[in-house]
Amino acid sequence: MGVIYMPVCDHCKKKWTWKETVFSKLMLSSSAPCPYCGEKQYASAKTRKRGGIMVLSVIIPMFIVSLFDFSMLFYILFGLIVFFIVMGLSPFYYELSSKEESLW
């Protein structure tokens, strides 16, 4: 998968913290201002493609677990645990771009 690192602003080259990266992702906007220089930063096309894989990494385990006869509480707790693990690790694979890149 590659080297694990935190994202770096494409404009000022400063490394974002885990908290800044998660906050920028939770804003549900296509761009986020760099906390250091204020320039708009976008998720790179590579990052958005990885995002699709991350969604599958939550859905597939839930599908596999659903094949067994567990309680609804177990499904909810299992889903939340997998979701938080994926969200917690995703900033380490996040790349920034100064311009909005085409997905294809």
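Since this is a predicted model, take the numbers as computed values, not measurements.
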* Asked: Are Arg50 and Tyr93 close enough, and set up right, to give a side chain to side chain contact (heavy atoms under 4.5 Å, CB included), and what steps lead you there?
  -> CA-CA 8 Å; Arg50 284 180 184 161; Tyr93 297 99; 3.6 Å; yes

* Euclidean distance, Ser90 OG relative to Ile53 CD1, rounded to 0.5 Å -> 13.0 Å

* Kindly work out whether a path of hydrophobic side-chain contacts (I/L/V/M/F/W/Y, heavy atoms less than 4.5 Å apart) joins Leu77 to Leu67. => no

* Out of curiosity, does Ile81 fall in the hydrophobic cluster containing Leu73 (side-chain heavy atoms, cut-off under 4.5 Å, transitive links)? -> no

* Asked: Rounded to the nearest 0.5 Å, how far does CZ of Phe63 lie from CD1 of Ile60?
  -> 9.5 Å

* To do: Please test Thr17 against Met6 for side chain to side chain contact (heavy atoms under 4.5 Å, CB included), starting from the C-alpha separation and ending with a verdict.
  => CA-CA 7 Å; Thr17 65; Met6 293 305 295; 5.7 Å; no

* Asked: Which word best sums up how the rings of Phe74 and Phe78 line up, parallel for under 30°, tilted for 30 to 60°, or perpendicular for over 60°?
  -> parallel

* Structure fact -> Output for pair (Cys34 SG, Lys13 NZ), nearest 0.5 Å, gives 11.0 Å

* Asked: Under the side chain to side chain contact (heavy atoms under 4.5 Å, CB included) criterion, do Met87 and Phe83 qualify, and how do the steps go?
  -> CA-CA 6 Å; Met87 285 299 293; Phe83 173 77; 3.5 Å; yes

* To do: Keeping to residues at least two apart or across chains, list the side chain to side chain donor-acceptor pair (under 3.5 Å) pairs with something in residues 68-83.
  => none

* Asked: What heavy-atom pair brings Gly38 and Pro33 nearest, and what distance separates the two atoms?
  -> O-CB, 3.9 Å

* Between atom CZ of Arg48 and atom OG of Ser97, what is the distance when rounded to the nearest 0.5 Å? -> 9.0 Å

* Between Leu96 and Val22, is there a shared hydrophobic cluster once you connect ILVMFWY residues whose side-chain heavy atoms come closer than 4.5 Å? -> no

* To do: Just grab all the side chain to side chain donor-acceptor pair (under 3.5 Å) pairs involving residues 36-47, residues at least two apart or on different chains.
  => Glu20-Tyr36, Ser44-Thr47

* Pro91 versus Trp16: any side-chain heavy-atom pair under 4.5 Å? -> no

* Minimum heavy-atom distance Tyr94-Pro7, with the two atoms named -> O-CB, 3.2 Å

* Should we count NZ of Lys99 as having more than 12 external heavy atoms under 6.0 Å? -> no

* Identify the two heavy atoms, one from Gly88 and one from Trp18, that lie closest to each other, and give their separation to 0.1 Å. => O-NE1, 2.8 Å

